[in-house]
Amino acid sequence: MKNKILRIMMMAALVVLGVSFVQTVHADDKTTSTFDVYAEVPQSQIEYEKYKMDLRLQPGQTENLTYYIENNTNKTLTFTIQPGTATTLPNGKIRYVSTNTNAAANLPTQVGDLIKVTNNVTVKAKGKAQVNATVTMPNNKFDGEIVGGISFTETASKLSSKIPLYISETENKVTTQANFEKASIGKPTTQANLQIQITNPKTVIVDGLKVSGTFKDAKGNTVKTIKSTPLAIAPNSTFNFILKSHITDLKEGTYKLKLNVIDAEGAKTVINRNLHVSAELAQQLSTKKQSDGFLGLHLMDWLLVILIAVIVFLVVFFIGNYAFNRRDNKKTKIREDLKK
């Protein structure tokens, strides 16, 4: 009881004093930040968090948010301000402010759509600017939490600072769930990846999910061993998680993917998937095929071509310069002889 009273008193002091969530973007020298972004603690904050807002709002409620940008440089800075909804990246990390949603169909609402804020702000040298925003909840009620935030990007350097925004309407807890669906070989422009689609169908972040396993050919030989860092999956998001990158030289046939998934509580789930590699895909994954670059040349080949071109240019330049100076010297000598 005493600890609870103390925590309430600390929260009250923080609100009165305007203590904020500081998230610093550092300059190149790593000692002085280019700018600082922080926000006042709103009354709807559940408990104090240094690097995020965690609000409890009611359906239809509007909350005012106040942010500050401090310019630590000797020149004027311009910022682009962007609200967005949290999504999950292919490496299993959360991007708190995104306009490209990979949200599942049952997401109650897009956090980025709830936030109203100015798009651009200019801050004078050594100055500070106040940025006012509002978040208005939809009328439908939900359990769990939706997640997003606001990013502040300095337009010249592209340095960006983000303050995450967690919003809940009730105290009801939502159990976490991660559905492992279809496995595939993704084929980006430059490399192929072994990936599996994961969906978080719940309004809660899945955090601390560990994935390990094997990828074997039809004979049972291990082609790839898989071990990931802990995953964090945004609420109600679907994404293709990269299990292994730079997949090459797979033969035609059926492969077996076995994954051991351990959640934050230690519960283990085994995932088995069969993945067929067609003759066409096998050809695309061959080392020769993947290394064929522009006009059939690899990156190293192009670097060699560029290096040779630079050397030839320098040789021609110096020879031409030498010939020009020599001719000029001859002309000067002739003029001197004529004078005599």
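What you see is a predicted model; the values in this text were computed from it and never measured. Nothing fancy with the numbering, it's 1 onward along the sequence.
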Measuring from atom [atom1] of [X] to atom [atom2] of [Y], what distance do you get when rounded to the nearest 0.5 angstrom?
X: Ile311; Y: Phe313; atom1: CD1; atom2: CZ; value: 13.0 Å
X: Ile226; Y: Leu243; atom1: CD1; atom2: CG; value: 4.5 Å
X: Lys224; Y: His246; atom1: NZ; atom2: NE2; value: 9.5 Å
X: Asp207; Y: Ile233; atom1: CG; atom2: CD1; value: 9.5 Å
X: Ile185; Y: Tyr255; atom1: CD1; atom2: OH; value: 8.5 Å
X: Glu169; Y: Ile146; atom1: CD; atom2: CD1; value: 7.0 Å

Do [X] and [Y] sit in one hydrophobic cluster, given that two such residues count as connected whenever their side-chain heavy atoms are within less than 4.5 Å of each other, even indirectly?
X: Phe180; Y: Ile205; value: no
X: Leu231; Y: Ile271; value: yes
X: Val111; Y: Phe142; value: yes
X: Ile163; Y: Leu57; value: yes
X: Ile167; Y: Val147; value: no

Looking at every non-hydrogen atom in both residues, tell me the closest pair between [X] and [Y] and how far apart they are.
X: Ser160; Y: Thr153; answer: OG-OG1, 3.2 Å
X: Ile115; Y: Ala133; answer: CG2-CB, 4.5 Å
X: Ala86; Y: Ile94; answer: CB-CG2, 4.0 Å
X: Glu63; Y: Gln43; answer: OE2-N, 4.1 Å
X: Val117; Y: Pro83; answer: CG1-CD, 4.0 Å
X: Val123; Y: Ala129; answer: CG2-CB, 3.6 Å

Is there a donor-acceptor contact under 3.5 Å from the side chain of [X] to the main chain of [Y]?
X: Thr214; Y: Lys216; answer: no
X: Gln110; Y: Thr85; answer: no
X: Asn193; Y: Gln195; answer: no
X: Asp54; Y: Gln45; answer: no
X: Ser286; Y: Gln283; answer: yes
X: Thr73; Y: Lys75; answer: yes
X: Ser228; Y: Val211; answer: yes
X: Lys128; Y: Tyr68; answer: no

Taking the side chain as every heavy atom from C-beta outward, state whether [X] and [Y] have any atom pair closer than 4.5 Å.
X: Asn64; Y: Pro42; value: no
X: Asn200; Y: Asn236; value: no
X: Glu145; Y: Thr203; value: no
X: Thr122; Y: Leu77; value: no
X: Asn240; Y: Pro90; value: no
X: Leu257; Y: Leu275; value: no
X: Tyr166; Y: Met53; value: no
X: Leu55; Y: Ile46; value: no

Is it the case that [X] and [Y] place a side-chain donor and acceptor less than 3.5 Å from each other?
X: Arg56; Y: Ser168; result: yes
X: Gln82; Y: Ser151; result: no
X: Glu154; Y: Ser157; result: yes
X: Thr136; Y: Gln61; result: no
X: Thr176; Y: Lys202; result: no
X: Thr170; Y: Asp143; result: yes
X: Ser33; Y: Asn72; result: yes

Residue [X] excluded, over 12 heavy atoms near [atom1] under 6.0 Å:
X: Lys116; atom1: NZ; answer: no
X: Lys124; atom1: NZ; answer: no
X: Gln130; atom1: CD; answer: yes

Measure the acute angle between the ring planes of Phe79 and Phe35, then classify it against the limits of 30° and 60° as parallel, tilted or perpendicular. perpendicular

Should Leu209 and Ile198 be marked as a side-chain contact (heavy atoms from CB on, under 4.5 Å) after you check the CA-CA gap, both sets of side-chain angles, and the distance that decides it? CA-CA 12 Å; Leu209 204 67; Ile198 305 177; 5.5 Å; no

Please evaluate residues Phe239 and Leu89 with respect to the criterion side-chain contact (heavy atoms from CB on, under 4.5 Å), reporting the C-alpha separation (whole Å), side-chain torsions for both, the decisive distance (0.1 Å), and the verdict. CA-CA 7 Å; Phe239 71 109; Leu89 299 171; over 6 Å; no

Can you list everything that forms a side-chain contact (heavy atoms from CB on, under 4.5 Å) with Asn120? Sequence neighbours excluded, please. Thr80

Checking side-chain contact (heavy atoms from CB on, under 4.5 Å) for the pair Leu114/Met137: CA distance, chi angles, key distance, verdict? CA-CA 6 Å; Leu114 307 181; Met137 297 298 292; 4.1 Å; yes

Would you please test Tyr38 and Tyr67 for ring pair (Phe, Tyr, Trp, His ring centres under 6.0 Å) and show each step? CA-CA 6 Å; Tyr38 56 93; Tyr67 297 84; 9.7 Å; no

Can a cation-pi geometry be assigned to Lys256 and Phe215, taking NZ or CZ under 6.0 Å from the six-membered ring centre and within 45° of the ring axis? no

Go through the steps for Ser237 and Thr88 under the test side chain to side chain donor-acceptor pair (under 3.5 Å), then give the verdict. CA-CA 7 Å; Ser237 66; Thr88 311; 2.8 Å; yes

Is there a side-chain contact (heavy atoms from CB on, under 4.5 Å) between Lys258 and Val270 once you walk through the steps? CA-CA 7 Å; Lys258 181 179 180 180; Val270 178; 3.9 Å; yes

